[in-house]
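Below is one structure; the comments refer to it alone.
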Amino acid sequence: MFGSGVQQAFARQVAQKTGLQAQNDRFVGSFQGLPAWTKVGPVADAAGAVMGRGGMLGGLGALIGGTAGGMAQMMTGGAFFMKHDYVIELTGSQLPGGSLRMPSGFLVDKTYQMRPAVGQRASSGVPWIDSKYEICSLHPQFMPFVCASPELQQALQHWPAPLNLSWQGPQVWLEILDSPTRINSWFNMAQQQNGDMILMGMTVVAAAARATFAR
């Protein structure tokens, strides 16, 4: 567990790189002029939560963080996962709805992701995006519109982890939910501890949010 001095240093670096300030269990504020927040925390047996495993506590143990999450993990015998959320709040907006997700395969398992696909299978209109991601949308023209954004395309090309990005209601939301070992294979410890990982995640959702603006 980080000591208070390390936590304070981490909060300062996140603030310097993103403008977001520590508030309770998350960082909140304005990122590149957009209302934003991010949160990271432990999740016990994410796969078991989806499948209904977990003994007395069932799937609810997977949703408890902090010390209680550790107790839930021990009681359920669940695997230890970390959940990272990067969110832009487009206040007053109602987005048509859509998602970009890495397809399930040998190295990617979406079954335990807490944020599901949004809408029906669709095309982005961008061949390399169509070949790399599962595209879904509630409106046939929405994903071609956002995926035409050069800024979003560039952000996606630089994102090192499997993608679970969605537009829904007023929120643009990027989720990482996986084991620490796998997360460590995508982001080194320096990136996780100096605010760079948060900067990278927020950069993707900010690009995705700006892609919704009329051009």
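Nothing here was measured: the structure is a model prediction, and the numbers come from that model.
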**Asked** Can you find a heavy atom in the side chain of Thr38 that is under 4.5 Å from one in the side chain of Asp85?
**Response** no

**Request:** Examine distances only and state if a side-chain atom of Ser137 and a backbone atom of Pro140 form a donor-acceptor pair shorter than 3.5 Å.
**Result:** no

**Prompt:** For Gln192 and Asn184, what are the C-alpha separation, side-chain angles and deciding distance, and is it a side chain to side chain donor-acceptor pair (under 3.5 Å)?
**Reply:** CA-CA 9 Å; Gln192 294 180 55; Asn184 290 344; 2.8 Å; yes

**Prompt:** To the nearest 0.5 Å, what is the distance between CG (Leu165) and CH2 (Trp173)?
**Reply:** 12.5 Å

**Request:** Can you measure from NE2 (His84) to CD (Glu175) and round to the nearest 0.5 angstrom?
**Result:** 10.5 Å

**Asked** Hey, quick one: are Val87 and Leu100 part of the same hydrophobic cluster, counting side-chain heavy atoms closer than 4.5 Å, chains of contacts allowed?
**Response** no

**Asked** What pair of heavy atoms forms the shortest contact from Ala22 to Ala11, and how long is it?
**Response** CB-CB, 4.2 Å

**Message:** As a quick check of understanding, evaluate side-chain contact (heavy atoms from CB on, under 4.5 Å) for Val172 and Leu34, giving each step before the final call.
**Reply:** CA-CA 11 Å; Val172 184; Leu34 297 166; over 6 Å; no

**Item:** Over 12 foreign heavy atoms within 6.0 Å of CD, Gln154
**Value:** no

**Message:** Check for me whether the distance between the ring centres of Phe27 and Tyr86 falls short of 6.0 Å.
**Reply:** no

**Request:** Just do the side-chain contact (heavy atoms from CB on, under 4.5 Å) check on Arg121 and Glu134 with the steps written out, would you?
**Result:** CA-CA 7 Å; Arg121 290 296 295 268; Glu134 172 194 282; 3.7 Å; yes

**Asked** Is Leu156 linked to Val118 within one hydrophobic cluster, defined over Ile, Leu, Val, Met, Phe, Trp and Tyr using a side-chain heavy-atom separation of less than 4.5 Å?
**Response** no

**Request:** State which residue, out of Asp178, Val40, Ile176, Val43, fulfils the side-chain contact (heavy atoms from CB on, under 4.5 Å) condition with Lys83.
**Result:** Val43

**Prompt:** If you take all heavy atoms of Gln94 and Gly169, which pair is closest and at what distance?
**Reply:** OE1-CA, 3.3 Å

**Asked** Is the shortest heavy-atom distance from the side chain of Pro96 to the side chain of Leu138 under 4.5 Å?
**Response** no

**Any Arg210 side-chain heavy atom under 4.5 Å of Gln32 side chain** = yes

**Fill in**
Rounded to the nearest 0.5 angstrom, the CE-OG distance for Met143 and Ser99 is 6.5 Å

**Message:** How long is the straight-line distance from CD1 of Ile183 back to CG of Leu177, given to the nearest 0.5 Å?
**Reply:** 7.5 Å

**Leu90 CG to Thr212 OG1 distance, which is reported to the nearest 0.5 Å** = 5.0 Å

**Request:** For Leu20 and Ser30, work out which heavy atoms get closest and say how close.
**Result:** CD2-N, 3.8 Å

**Asked** What about Trp159 and Phe187, are their ring centers closer than 6.0 Å?
**Response** yes

**Request:** Report yes or no: do Trp186 and Ile198 belong to one cluster of Ile/Leu/Val/Met/Phe/Trp/Tyr joined by side chain heavy-atom distances under 4.5 Å?
**Result:** yes

**Request:** Measure the shortest side-chain to side-chain distance between Met200 and Pro160 over non-hydrogen atoms and say whether it is less than 4.5 angstrom.
**Result:** yes

**Fill in**
Correct closest heavy-atom pair for Phe31 and Thr18 would be CD1-O, 3.3 Å

**Request:** Give a yes or no on whether the backbone of Asn194 and the side-chain of Lys17 come within a donor-acceptor separation of less than 3.5 Å.
**Result:** yes

**Prompt:** When rounded to the nearest 0.5 angstrom, what distance separates CD in Glu151 from OG1 in Thr203?
**Reply:** 9.0 Å

**Request:** Over all heavy atoms of both residues, which pair between Ala36 and Met202 is shortest? Give the atoms and the distance, please.
**Result:** CB-CE, 3.4 Å

**Message:** If you count every heavy atom of other residues, nucleotides or ligands that lies below 6.0 Å from Glu89 atom CD, does the total exceed 12?
**Reply:** yes

**Request:** Write down the atom of Ile88, the atom of Ala209, and the distance for their closest heavy-atom approach.
**Result:** CG2-CB, 3.8 Å

**Asked** Would you say Gln153's side chain and Cys147's backbone share a donor-acceptor pair under 3.5 angstrom?
**Response** yes

**Request:** Report yes if some heavy atom in the side chain of Phe142 is under 4.5 Å from a heavy atom in the side chain of Val146; otherwise report no.
**Result:** yes

**Message:** Taking Leu163 as the starting point, is it possible to reach Leu95 by hopping between hydrophobic residues whose side chains are less than 4.5 Å apart?
**Reply:** yes

**Item:** Criterion side chain to side chain donor-acceptor pair (under 3.5 Å) on Arg101 and Asn164, from CA distance to verdict
**Value:** CA-CA 4 Å; Arg101 307 173 83 213; Asn164 188 1; 3.2 Å; yes

**Message:** Count I, L, V, M, F, W, Y as connected when their side-chain heavy atoms are under 4.5 Å apart, and connections chain through other members. Are Leu174 and Trp37 then in the same cluster?
**Reply:** no

**Asked** Within a strict 4.5 Å, meaning less than it, do heavy atoms of the Gln7 and Phe10 side chains meet?
**Response** no

